[in-house]
Amino acid sequence: MDNTRISAILKEISILLELKGENPFKARAYQAAARSIAALQEPVAALVAQGRLSEVPGLGPALVEKVTELVMAGRMAYYDDLSASVPDGLLEMLAIPGLGAKKVRAIYDHLGITTIGELEYACLENRLATLEGFGQKTQEKILKGIEQLKRYRGHHLLSQALQDADALVQALRAHRSIGRVAVAGEVRRRMEVVRTIDLVAGTDQPDTVIAALRPLGEPSLTSAGTVTLILPSGIPACIRVVPDEEFAVALYYWTGSEAHRALVEERARVLGVTLDERSRDGVPIDGSEDAPVYRTLGLQFIPPELREGTDEVERAAHQMIPDLLTADDLRGVLHVHTVYSDGTHSVQEMADAARGLGYTYLAVCDHSRSAAYANGLSIERVRQQHREIDALNAHGRGLRILKGIETDILPDGNLDYPDDVLAEFDLVIASVHSRFTLSETEMTDRIVRAIRHPSTSILGHPTGRLLLAREGYPVDVRRVIHEAVEHGVILELNASPHRLDLDWRHLRYAQEHGAKISIGPDAHQARELQDVIYGVGIARKGWLSAKDVVNTMTADELLKFLRHKKSKTR
DNA sequence: GCCGTTTTCGGCCCGACTGTTTTCAGTCG
């Protein structure tokens with residue numbers, strides 16, 4: 001059992017304890033232990049074997065015993081009992097905005113409701129509003145939340161889908177009788193959320209595909225030569241099994257999107273060519289990729305991320321598809337948190353991890369003082385962190401640490417420190433973390449005010465959305481983009497797979513209007529530095545090239561760029 | 001349930017908002 005799974009179980013116990021109304025500090029202790037284990041560099045199993053589990057912070061005698069049981073026996077009686085005593089539906093209800101453990105408990109205790117479906121029905125019957133502590137507004141809010149959840153249902157984060165797609169590809173490649181294998185569909189197009197994982201496998205033996213995938217679920221063959229299965233994560237997968245010589249066209253076809261295919265087929269029609277899901281004019285096009293499909297139509301290769309049916313085919317016809325950003329173009333990491341605020345690793349640990357990934361600089365951007373929940377930095381602690389960064393930079397071993405901050409944009413649009421303190425940072429990310437309920441005009445004015453502050457370098461996660469969990473706050477994104485361009489402020493493409501904000505649909509508009517973009521992982525632990533790959537996918541989807549993205553610069557170039565901006569606006 | 005010390009139990013992160021109340025509980029970031 002790996003650390004991720006152990007951490008997840010401890011986290012679930014903490015939620016179950018809250019739902020049962022147990023001592024909240026006990027629940028928090030489990031949460032702390034979960035976090036602590038997630039941050040460990042070595043496997044818990046190894047610590048158990050060496051009798052060193054008690055050295056992990058947050059693990060006392062009781063938890064050492066329980067975690068040891070989990071590792072040795074593969075299960076924990078306490079968790080099993082707890083889990084059995086709480087209906088699964090109650091955990092799902094917690095995803096509804098405005099519903100916390102106490103309210104869910106009350107709904108269960110007084111109305112006997114155990115599923116979201118029943119809850120919806122009770123709201124429609126006006127039964128919730130009569131419950132003590134609840135009212136009309138709460139009932140409406142819950143109904144709205146349920147509507148939102150329904151919209152999200154059947155969608156999955158790109159990060160999970162990519163991980164699952166990898167596992168599928170590995171499983172298929174392990175079989176010699178399967179030729180070419182590639183990821184297609186929404187995952188290949190790097191949609192921020194996906195409904196299915198599509199793959200194309202070149203073989204005339206669907207049975208082999210089924211055998212190869214049996215360890216991952218219960219694969220079955222549909223009549224159209226498609227193998228389907230539901231993965232352990234809950235994501236459905238479709239593997240299109242085609243003869244190897246039809247691979248290239250099938251990969252093109254199943255990558256989509258439908259709108260893109262319509263444009264390509266129109267192009268083919270004009271050229272007097274027929275293109276179906278298998279061949280061109282009945283003749284297969286050979287290739288391990290689908291580039292030959294585009295070549296045969298006289299088109300420049302269209303990277304899968306751009307295949308959304310806008311103007312990509314027209315651009316390709318005129319050789320106007322730009323060189324898109326690649327992960328190798330990035331030299332520095334912007335926007336990570338450390339133990340100073342709500343991160344799990346120290347400045348040095350984050351720096352070591354960034355160096356290990358080949359980056360040459362790292363901007364540490366912890367939370368500012370108003371973010372009490374995230375242990376935001378007082379002015380004194382800012383200075384303390386700066387001293388630590390200076391000391392680490394004195395023998396930097398190839399990685400430079402920049403003094404950054406993620407400052408809250410206060411409700412009135414001011415930043416969270418006096419101007420003289422803000423001037424001490426190399427880089428200032430300004431983000432909205434509170435008061436999401438302003439009107440669009442008020443919110444936009446608030447953000448514009450922050451953009452106009454001379455110290456603001458980057459506008460963090462510009463719309464504040466959390467994918468499959470929370471809509472962004474209302475904001476006039478185009479106005480924000482224009483203000484940012486005018487005042488030399490960089491727009492963040494937050495690469496956390498939960499955010500991917502700014503959205504790629506806005507990124508292209510920003511790029512066309514001269515905006516500069518930074519890609520930041522918003523990492524709260526070392527492992528999350530690798531989240532930049534999701535940002536790169538979305539950047540490509542937004543038609544960005546290396547020149548549009550500021551962390552393709554060297555540290556010196558970036559600092560010069562930021563200083564220039566400051567001197568211009570002061 | 002953990003931690004630290006006050007060596008045997010008290011404190012554990014907090015401020016603001018919202019909706020329900022009529023002084024506060026629950027949720028959220």
Side-chain angles (χ1 to χ4, degrees), chain A residues 9-37 53-69 76 78-79 82 93-110 123 128-145 337 339-343 366-378 381 406-412 416 431-438 442 460-461 464-466 469-473 494 496 498-499 522 524:
Chain A
I9 288 175
L10 294 177
K11 177 86 201 295
E12 196 181 325
I13 291 176
S14 102
I15 294 170
L16 291 168
L17 289 172
E18 278 184 36
L19 280 174
K20 299 206 79 167
E22 297 239 5
N23 180 357
F25 296 108
K26 183 169 163 180
R28 195 181 296 168
Y30 275 88
Q31 210 171 354
R35 228 169 114 83
S36 193
I37 282 179
L53 198 54
S54 59
E55 291 172 19
V56 179
L59 291 191
L63 272 163
V64 164
E65 193 187 321
K66 291 190 173 90
V67 171
T68 301
E69 182 194 348
M76 185 202 298
Y78 179 68
Y79 168 64
L82 202 56
M93 281 182 214
L94 288 173
I96 299 170
L99 278 190
K102 297 259 172 66
K103 283 213 160 86
V104 169
R105 183 79 202 168
I107 289 168
Y108 175 57
D109 282 347
H110 296 105
C123 286
L128 221 69
T130 59
L131 208 57
E132 195 185 328
F134 291 72
Q136 210 60 46
K137 287 200 172 167
T138 306
Q139 185 168 273
E140 278 165 30
K141 196 174 172 194
I142 289 172
L143 266 179
K144 240 173 114 183
H337 296 270
V339 287
Y340 272 87
S341 63
D342 59 351
D366 276 308
H367 286 285
S368 61
R369 56 184 177 175
S370 282
Y373 60 91
N375 195 22
L377 272 57
S378 64
R381 293 185 61 240
E406 182 181 17
T407 172
D408 272 25
I409 298 175
L410 303 177
D412 62 2
D416 203 12
S431 309
V432 169
H433 287 121
S434 60
R435 283 297 290 274
F436 296 147
T437 51
L438 300 180
E442 288 169 325
H461 44 73
R465 74 173 178 192
L466 290 177
R470 185 180 80 201
E471 304 289 317
Y473 32 75
N494 190 296
S496 161
H498 296 279
R499 294 187 182 271
D522 201 352
H524 287 70

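Below, chain A is the first sequence line, B the second, and so on; all start at residue 1. In what follows, every heavy atom counts, from backbone to side chain, and hydrogens, waters and symmetry copies are set aside.
Applying the salt bridge (Lys or Arg N to Asp or Glu O under 4.0 Å) rule to Glu471(A) yields the partners Arg151(A); only residues at least two apart in sequence or on another chain are considered. Residues satisfying the ring-ring contact (aromatic ring centres under 6.0 Å, His included) test with Phe436(A), not counting sequence neighbours, are Tyr473(A). Under the rule for a salt bridge (Lys or Arg N to Asp or Glu O under 4.0 Å), the partners of Asp522(A) that lie at least two apart in sequence or sit in another chain are Arg499(A). Scored by the salt bridge (Lys or Arg N to Asp or Glu O under 4.0 Å) test, Asp342(A) finds no partners at all (sequence neighbours excluded). Every residue meeting the side-chain contact (heavy atoms from CB on, under 4.5 Å) condition with Lys26(A), not counting sequence neighbours, appears here in chain and number order: Leu17(A), Glu22(A), Asn23(A), Tyr30(A), Tyr78(A). Residues satisfying the ring-ring contact (aromatic ring centres under 6.0 Å, His included) test with His524(A), not counting sequence neighbours, are His337(A). A search for side chain to side chain donor-acceptor pair (under 3.5 Å) contacts involving Arg470(A) returns nothing, not counting sequence neighbours.
Phosphate proximity of dG1(B) to Lys66(A): present, with a side-chain N or O under 4.0 Å from OP1 or OP2.
Distance Lys26(A) NZ to dG11(B) C1': 17 Å, rounded to the nearest Å. Look at CG on Leu410(A): it is 15 Å from P on dG15(B), rounded to the nearest Å. Per the geometry, CG belonging to Asn375(A) stands 14 Å off C1' belonging to dG15(B), to the nearest Å. Between the P atom of dG1(B) and the CD atom of Glu65(A) lies a distance of 10 Å, rounded to the nearest Å.
Using P as the reference atom, dT21(B) and dT27(B) are 15 Å apart when rounded to the nearest Å. One C1' atom belongs to dC13(B), the other to dG29(B), and the distance between them is 12 Å to the nearest Å. Using atom P as the reference point in both dG1(B) and dT5(B), the two lie 23 Å apart (nearest Å). dG10(B) and dT6(B) are spaced 14 Å apart, taking the P atom of each and rounding to whole Å. As rounded to the nearest Å, dC17(B) and dT23(B) have C1' atoms that lie 16 Å from one another. dT8(B) and dC3(B) have their C1' atoms separated by 13 Å, with the value rounded to a whole Å. Nucleotides dT20(B) and dA16(B) are separated by 22 Å at their P atoms, to the nearest Å.
For an aromatic pair to be called close, the ring centres must be under 6.0 Å apart, and His461(A) with His433(A) satisfies this.
At the heavy-atom level, Asn23(A) lies under 4.0 Å from base atoms of the strands shown. Residue Thr437(A) is classed as a sugar-phosphate contact, given heavy-atom separations below 4.0 Å to backbone atoms only.
Heavy atoms only, all atoms of each residue included: Ala33(A) and Leu59(A) are closest at CB-CD2, 3.6 Å. Here the closest non-hydrogen pair linking Ser368(A) and Asp416(A) is OG-OD2, 2.7 Å.
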- Under a 4.0 Å heavy-atom criterion, the protein footprint on nucleotides 20-29 of chain B, written with B, S and -, is SS----SSSB
Considering only nitrogen or oxygen atoms on both sides, find all protein atoms under 3.5 Å from nucleotides 3-10 of chain B and state each distance.
unit_1, atom_1, unit_2, atom_2, d
dC3(B), OP1, Gly58(A), N, 2.9

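The nearest heavy atom of DNA chain B to Leu63(A) and to Phe25(A) marks one nucleotide each, and the one closer to the 5' end goes with Leu63(A).
Under the Watson-Crick or G-U wobble criterion, with both distances below 3.5 Å, dT8(B) has no partner in any strand shown.
With dT18(B), dC12(B), dC17(B) as the candidates, the nucleotide lying closest to the side chain of Arg435(A) is dC17(B).
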